[in-house]
Amino acid sequence: MESSSENLVKTLLRNPSSIKTKSQAKQLHAQIVKTRGSRSVSLATIILGIYSDLNLLKESLEVFNNFRYVPTKAWKSVVRCYSCNGYFRDSLACFVEMRGWGKLPGRDVFPSVVRACTHLKELRVGESVHGCVIRFGLESDRYTGNALMNMYAKLQVLSHDYHVFDEIPLSDRVYSCRSSLAQDSEIGILIRSEKSHFESLGGRIVKNATGLDSVSKIFQMMPDKDVVSWNTVIGGNVQSGLYEEALERLREMSNAYLKPDCFTLSSVLPVFARHVDVLKGKEIHGYAIRHGFDKDEFIGSSLIDMYANCTRVEDSYRVFNLLSEKDDVSWNSVIAGCVQNGTFVEGLGLFRQMLAANVKPVEVSFSAILPACAHLTTLHLGKQLHAYIIRVGFNQNMYIASSLVDMYAKSGKIMTARLIFDRMEIHDSVSWTTIIMGYALNGHAREATILFENMQHDKIKPNAVAYLAILTACSHAGLVDEDLLGRAGRLMEAYKFINDMPIKPTGIIWATLLSACRVHKNVELAEKVAKEMTTADPGNMGPYLLLSNMYSAAGRWKDASKLRTNMKKKGMRKPPACSWIEVRNQVHAFVSGDTSHPYYDQIHVVLRDLYERLKQEGYVPQISEALHDVDEEQKSDLLYTHSERLAIAFGIISTPAGTTICIIKNLRVCVDCHTAIKFISKIMGRDIIVRDNSRFHLFKDGSCSCGDYW
DNA sequence: CTAGGGTTAG
């Protein structure tokens with residue numbers, strides 16, 4: 001008995017890779033300790049190697065800590081094991097200590113060390129390790145080369161600011177870097193000792209590096225590139241936004257008779273998502289199916305994202321449903337896809353399903369779903385999410401904080417939005433723009449202007465969206481002078497401002513000025529701006545609709561109808577007006593003229609009753625803006641059935657007296673409804689919030705927060 | 001040694 005188990009031990013020790021499980025490894029270890037004690041360094045080294053190959057960190061360290069004299073192979077095992085378990089800092093520290101003992105590193109340890117540098121974003125240390133690789137003549141080792149390419153692809157993209165230091169000599173840059181690791185004295189020594197080799201042999205990679213130079217240099221010098229090498233280069237190109245280069249590498253890869261695998265496909269799919277090229281994306285999808293890759297979670301989420309980006313939400317949904325294993329990324333992809341395509345309710349439903357499926361939401365989950373709450377103004381839900389975000393400590397995440405600022409601003413809680421903004425540790429272009437737009441939507445032009453200045457003091461150059469935000473603020477403001485001439489003057493100022501902007505004005509920016517022209521009834525400028533807008537953004541019917549409304553308002557029926565005919569010729573159709581209201585967590589939607597709601601009869605009674613009381617209060621229907629040149633009776637009928645009135649009437653009968661009624665409308669609220677709602681707020685003693693597609697209106701006691709500018 | 005998902009926009 002004794003001898004047969006002895007034979008087995010001997011066989012296993014000769015062939016350690018035959019051990020596949022933790023319990024096998026522990027059994028062998030126990031057997032050795034039992035029969036030969038724990039004194040043998042070579043046996044302990046073998047055992048450590050086995051533990052390390054199985055990624056068993058605790059067991060590896062137990063063996064490692066019992067050495068009085070640590071052999072090279074044991075050092076390497078521990079460095080690898082730390083790295084594989086995500087303890088990158090320990091892995092590097094161990095590597096440095098090993099070098100300090102004069103142990104020689106090899107191809108079996110460099111990939112782990114380089115990987116550790118990559119994860120720690122320690123480019124400087126990584127470069128020193130690269131120097132070490134060159135010193136030991138291992139630059140042609142495939143695994144090491146792949147790891148190095150990956151490191152440069154990831155870290156050099158992150159550090160575009162490096163060229164800022166170009167005029168400083170390389171040596172100073174290495175010593176003065178802010179890296180906490182480089183300040184660690186032992187790793188500092190490593191850097192100093194390896195730097196000279198790096199410079200004399202490897203060349204001045206940092207200094208001359210632009211983008212992926214170092215990566216292609218290593219790639220070209222690699223004698224035997226494998227699929228991983230190609231995948232790394234392709235992935236690096238995609239992450240740097242060099243899409244054409246990535247596709248070119250993909251072609252070269254096939255020419256080299258290497259078949260794209262799961263990694264290749266999930267790396268290139270984002271290219272077609274960005275290009276909105278669903279045909280190419282489908283080709284990849286087909287290839288994935290033919291090679292049995294379509295069950296892969298990575299490819300799945302890339303496909304979901306690609307289809308969603310190409311506005312094919314049903315297709316991304318289908319891919320999602322066919323996935324047998326759905327991880328958090330698959331869920332986040334499909335949720336984000338819904339939200340980005342405006343199907344907010346579906347997005348919320350999927351978010352709930354994700355929680356029900358016991359998939360833990362991560363940061364991305366929240367930044368994906370919060371815009372849905374913002375657009376639907378479901379503040380009660382948004383607040384729940386916010387509470388969770390605070391509990392798990394996600395509130396300093398840039399994406400999440402900006403989404404929260406936007407959600408509160410869009411829900412009319414501009415003070416809360418500001419509080420969150422002020423508590424952010426750093427601000428980027430998006431968070432600045434979000435808070436400026438928040439003030440703009442809430443009608444606080446002055447604060448928006450101040451923040452626009454502050455943003456620039458914060459060294460953030462305004463982009464098109466920021467300009468749009470500040471123009472929105474100005475166009476929504478009651479800041480304009482009261483006399484008509486003054487108004488016209490300010491509009492011309494805005495026109496000049498847009499033309500003088502350092503960036504090319506986008507369609508949306510022109511649209512903002514156009515809506516200001518409408519507020520101030522400046523038809524001449526509106527015609528000019530509408531023309532600019534149709535060139536900047538053809539296919540957008542916004543300018544046609546606005547201009548046509550302005551013609552109608554000015555009684556220029558012929559011009560209005562000519563424009564309408566033109567639109568029809570171009571195949572443009574106005575989306576139906578729709579308003580909705582949330583009552584007891586349920587959304588009730590009303591389309592203009594809609595009679596299908598189960599409570600329509602009561603709604604109609606309320607509307608008729610309201611109409612009478614409004615008239616007594618002095619309300620006169622303002623029909624000048626009605627779109628068509630129809631007779632007066634028809635016009636007032638149209639106004640009577642506008643979707644926002646249906647929603648408000650429903651709000652009145654389904655919520656307790658005195659509570660705020662909150663309505664959302666997909667189009668701009670019309671002048672007559674605006675007047676009527678002012679009266680309704682007074683008569684009914686209700687605050688009424690209407691968020692139209694342009695801004696917020698808080699109706700209170702007969703007046704509106706927008707000061708009648710919108 | 002290599003891969004996927006997120007914030008602002010009439």
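When reading the values below, keep in mind they use all heavy atoms of this one structure, side chains included, and skip hydrogens, waters and symmetry mates. So that the names make sense, note that chain A is the first sequence line, chain B the second, and so on, each numbered from 1.
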K225(A) side-chain N/O to dC1(B) phosphate OP1/OP2 under 4.0 Å: no
Closest to the V228(A) side chain: dT2(B), dG4(B), dA3(B)? dT2(B)
What's the closest nucleotide to the V430(A) side chain, out of dT8(B), dG6(B), dG4(B)? dT8(B)
From dA3(B), dA9(B), dG6(B), pick the nucleotide closest to the side chain of E363(A)? dG6(B)
Among dG6(B), dG4(B), dA9(B), find the nucleotide with the atom closest to the side chain of S330(A). dG4(B)
If you look at every strand shown and take non-hydrogen atoms under 4.0 Å, does L468(A) touch a base, only sugar-phosphate, or nothing? sugar-phosphate
Write down the distance between CH2 (W510(A)) and P (dA9(B)), rounded to a whole number of angstrom. 21 Å
Is N231(A) near enough to dA3(B) that one of its side-chain N or O atoms lies under 4.0 angstrom from OP1 or OP2? no
Atom CG of L471(A) and atom P of dT8(B): how far apart are they, to the nearest Å? 20 Å
Kindly state whether the pair Y399(A) / dT7(B) counts as stacked, where counting means centroids closer than 5.5 Å and planes tilted less than 30° apart. no
Nucleotide of dA9(B), dC1(B), dG4(B) approaching H375(A) most closely (side-chain heavy atoms): dA9(B)
Exercise: identify the closest heavy-atom pair between H285(A) and V319(A): CE1-CG2, 3.9 Å
Under a 4.0 Å threshold between the charged nitrogen and the carboxylate oxygen, would R80(A) count as salt-bridged to D53(A)? yes
dT2(B), OP1 or OP2 - any side-chain N/O from Q239(A) closer than 4.0 Å? no
Nucleotide nearest V465(A) when distance is taken to its side chain, options dC1(B), dT8(B), dG6(B): dT8(B)
In terms of side-chain heavy atoms of D327(A), which of dA9(B), dA3(B), dG4(B) is nearest? dG4(B)
Does the base of dG4(B) carry an N or O that pairs as donor and acceptor with the side chain of S266(A) under 3.5 Å? no
Name each donor-acceptor pair under 3.5 Å that joins a side chain in residues 433-444 of chain A to protein atoms two or more places apart or in another chain, with its distance.
residue	atom	partner	partner atom	Å
T433(A)	OG1	S429(A)	O	2.5
T434(A)	OG1	V430(A)	O	2.6
Y439(A)	OH	R418(A)	NH1	3.0
N442(A)	ND2	A409(A)	O	3.1
N442(A)	ND2	G438(A)	O	2.8

I'd like to check the ring-ring contact (aromatic ring centres under 6.0 Å, His included) partners of Y408(A); sequence neighbours left out, ordered by chain and number. H386(A)
Has the side chain of S403(A) got a donor or acceptor that lies under 3.5 Å from a partner of the other kind on the base of dT7(B)? no
Using only modelled atom types and a 3.5 angstrom limit, is any donor from either the side chain of S302(A) or the base of dG4(B) paired with an acceptor on the other? no
What's the closest nucleotide to the side chain of I400(A) if the choices are dA3(B), dG6(B), dA9(B)? dG6(B)
Nearest to the side chain of V329(A) - dG6(B), dG4(B), dG10(B)? dG4(B)
Ignoring hydrogens and geometry beyond distance, is the side chain of N397(A) in donor-acceptor contact with the base of dG6(B) at under 3.5 Å? yes
Run the side chain to side chain donor-acceptor pair (under 3.5 Å) test on T232(A) and N150(A) for me, step by step, so that the C-alpha distance in whole Å, both residues' side-chain angles and the decisive distance to 0.1 Å come before the verdict. CA-CA 6 Å; T232(A) 306; N150(A) 185 45; 5.6 Å; no
Between dT2(B) (P) and I234(A) (CD1): distance, integer Å: 15 Å
